[in-house]
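A note on names: the letters A, B, ... follow the listed sequences, proteins ahead of strands, and every chain is numbered from 1.
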Amino acid sequence: MMSLGRRIYSGAVRLMLWASASAVCALLLWLSGCVLFRGVPGLSLELLTSQESVLHGTVGILPAAVNTLFVIAVTLALVLPLGVGAAVYLSEYAPSRRLAGAITFAADALAGLPSILYAMAGVILFCSALGLQKTLLAGALTLAVMNLPTVIRSTQESLRAVPRSCREGALGLGSGRWHMVRTLVLPASAGGIATGCMLAVGRVAGESAVLLYTAGLSTAMQDFTSLRGMAGASGATLTTVLYLYAKERADFAAAFSVATVLLALQLAIHLGTALAGRRRRR
Amino acid sequence: MERIVIAARQLEVSYGGTQALRGVSLDIPARQVTALIGPSGCGKSTFLRSINRMNDLTEGVRVRGSLTFHSREIYGPDWDVTDLRRRVGMVFQRPNPFPMSVYDNVAYGPRIHGVRGRGRLEGIVEASLRAAGLWEEVRDRLKKSALDLSGGQQQRLCIARALAVEPEVLLMDEVTSALDPVSTARVEELICDLRERCTIVLVTHSLPQARRAADRTAFFLSGELVEQGETARLFTLPRDPRTRDYVAGRFG
Amino acid sequence: MTRRWAERVMGLLFLLCGLTAVALLALIAAYLFLSGLPAIRELGLGPFLLGRTWDPDTLQFGILPLLLASLWATAGAVVLGVPAGFFTALFLAKAAPPRLAGLVRGAVDLLAGMPSVVVGLVGMTVLVPLLRERLSLPAGDTLLAAILMLAVMLLPPVIAVSQDALAAVPAAYEEASLALGATPEETWLRVTAPAARSGLAAAAALGVGRALGEATAVLMVAGNVANMPSLLSSVRLLTTGIAIEMNYAAPGSLHRQALFSIALVLFVLVVLVNILLTLALRRGRGAR
């Protein structure tokens, strides 16, 4: 028979595993429970569809929501072509393994940098040196650089999954490299690229440190009707407006309502990622 | 008549609907080498893995009929699987030493089963490595990684690791199929020597190996036990035409 | 003819993308480095790193309290979060029934997606008052609160990386251990985990990097007074030191330059952790 000591050891290990996993789940439930409990009562159509009015003392987060979507869109528009292009160059064109290795190393190293450092770099590079001031555009540019390693890496991974024989077959038939990439490699790795994009969207939607210092904190509606207006738009996104309400104004009811909206957004992104992943597996 | 260690009666094993063993009845006598032969997919490995319940790890496995170890039902409720597996050791097709030192590999089993004290462990490690014919080759590199040994040495290390918990039965699942001819010959010699210490059940797809190493041989086909008997008799005077065809190398 | 042109143009375009990406990444690193140097040069490396007082009004910029607070907070968070993350990963990779594992993985993903401001909000409105009442403190904004926040933030990446490492251990090792009569639990801790040690080390390093660099969630609970750190008093970390004053420091001032120097210190620390991580992974690959 197995000794009592071994029985206790094995039972204790199993207990630890279940306890840790339960604690992680409980943590998620507790965090989202706290947010929903205090945030849902404050949700109203007015909150979501109006802007803040000092005169009436009302809170509206429409500008922040629009700013968030704008930042996500601009970041994606910048990082997607750049990241996918760089990954394609690395995997399909790069003349030397060594160069590709060096670039991959740089991307990996920068993937580990905390967002506060990207915020600092954004402040010097885009706000000052490029003269963009504190604008959503400067914020989106910074976030694009921050997500570049993520998109490059996930694209490279899915490009790697396309078998070498396919490529050689296409090139052997006299197809040009770009033709091969366009008709064969990119379609095969679309799912992986989409997953990478969803990851980036999730990070952008949840990011606060970068935007606090590069994008401005105005809560008024910006002008998105002209290119000029878009370039100069400066204001708080959902995350930074939450920070503003909680930390500077101590308006916790509003902060929790914004938090609820953010959680809903993250849930949608999570489901989108899962969907993209499922399609890829098929 | 030698004592029977393992006895199967009308043993049926299925994996999620696929029948892998059909009504197998087989006695395995003590201190002898019993070889299980047959073409791949014939059920010989399934039979082997039923004996130490490694089958439990496969999803959807069902066992019916009777399979006993010292007259106790292996799939009965009163067995502690860890105890069964200590007494019925196993060596696998591919050498699978742990990624640790040679010493720690051999000491792993005894430590798990509560052996403490440097002196005792060192004694067990040396005795097991000697029994596996590996001691002279590794005595100076006990602290080196086991993954640096050659394939043949790794497999003998796995045998030493299995011997270290003093099993009564040793199950060997095509243990030489990943080895070169020289290493294979050494392991076969070793199997013959180990007969003194424990009962051996050997799954092999090499007929010459069964002939050289086994006292008794059992021939499996499509989940059934076709014929069993003394090795010399089974190879020279097979009773079933299917056995005759197989040992003559006409299929498989 | 047109196709040949398209080939050439696209080839150039991809090259351009590759170069831009690399240039941007290099630019970020270079700017962080260069903009961090002036203040250090002016103040001297010794007084900057080891000075005990941070007071922009009197132009005293010593970051020892921030540095130590960051190290303590990171150590605390790692001690709490890494084992919990490791055990959860082991649960997901080995012990959990497949369906339950899927559910828990979903929970971990959602936790990973939780914005740090939201975690910080719950921290400042629920955790901080709780600490104040339970421990009868004058204020709940403490190093302890920061540690708890960081532990939450480092859990998801630690779980993800350790889980991959544990799942990659060949089943043959575990089979051999079980066949010797070990229980599954003994096998996981004595064979699987040691076999995955380089991946687990990488997970721990990732956790350290995450804890060192997290700003917003900590900013909302740490109190941000530049004290020498103790568990139950308000602290300012390297990250929050930058964050709290970034919007107020006048452009061109020594104060602002000093903030960039803090960023440089953080940069160096994180790069060091990343190098350790790369080494851990490489050694794992080298050991076959």
For residues A:Thr239 and A:Ser208, is any side-chain donor paired with an opposing acceptor at under 3.5 Å? no
A:Phe252 versus chain C, the contacting section by heavy-atom distance below 4.5 Å: side chain
Structural part of C:Met220 lying under 4.5 Å from a heavy atom of chain A: both
So, do C:Pro38 and C:Gln257 sit near enough that their side-chain heavy atoms are less than 4.5 Å apart? yes
With a 4.5 angstrom heavy-atom cut-off, which part of A:Leu263 approaches chain C: side chain, backbone, both or neither? side chain
So what's closer than 4.5 Å to chain A heavy atoms on C:Ser35: side chain, backbone, both or neither? side chain
Name every donor-acceptor pair, under 3.5 Å, that has one atom in a side chain of residues 263-271 of chain C and the other anywhere in the protein, sequence neighbours excluded.
none

Check whether any side-chain heavy atom of C:Leu155 sits under 4.5 Å from a side-chain heavy atom of A:Val24, and report yes or no. yes
Side chain, backbone, both or neither: which part of A:Ile152 has an atom under 4.5 Å from a heavy atom of chain C? side chain
Residue pair C:Glu245, C:Arg236: steps toward the salt bridge (Lys or Arg N to Asp or Glu O under 4.0 Å) verdict: CA-CA 11 Å; C:Glu245 285 171 7; C:Arg236 185 184 290 194; 2.8 Å; yes
Quick one: what part of A:His270 sits under 4.5 Å from any heavy atom of chain C, side chain, backbone, both or neither? side chain
Which bit of A:Ala111 is near chain C, if near means a heavy-atom gap under 4.5 Å: side chain, backbone, both or neither? neither
At a heavy-atom separation under 4.5 Å, does C:Ala215 approach chain A through its side chain, its backbone, both, or neither? side chain
Any idea how C:Phe91 and A:Trp18 line up, ring-wise: parallel (<30°), tilted (30 to 60°), or perpendicular (>60°)? perpendicular
Quick check on C:Val22 against chain A: is it the side chain, the backbone, both or neither that has a heavy atom closer than 4.5 Å? side chain
Of the backbone (N, CA, C, O) and the side chain (C-beta and beyond), which part of C:Leu219 lies under 4.5 Å from a heavy atom of chain A, both, or neither? both
Side chain, backbone, both or neither: which part of C:Arg256 has an atom under 4.5 Å from a heavy atom of chain A? side chain
Minimum side-chain heavy-atom gap A:Trp178-C:Val9 below 4.5 Å: no
Proximity breakdown for C:Leu16 and chain A, heavy-atom pairs closer than 4.5 Å: neither
Rounded to the nearest 0.5 Å, what separates atom CG in A:Leu212 from atom CE in C:Met246? 11.5 Å
Check whether C:Pro184 gets within reach of chain A through its side chain, its backbone, both or neither, counting any heavy atom under 4.5 Å. side chain
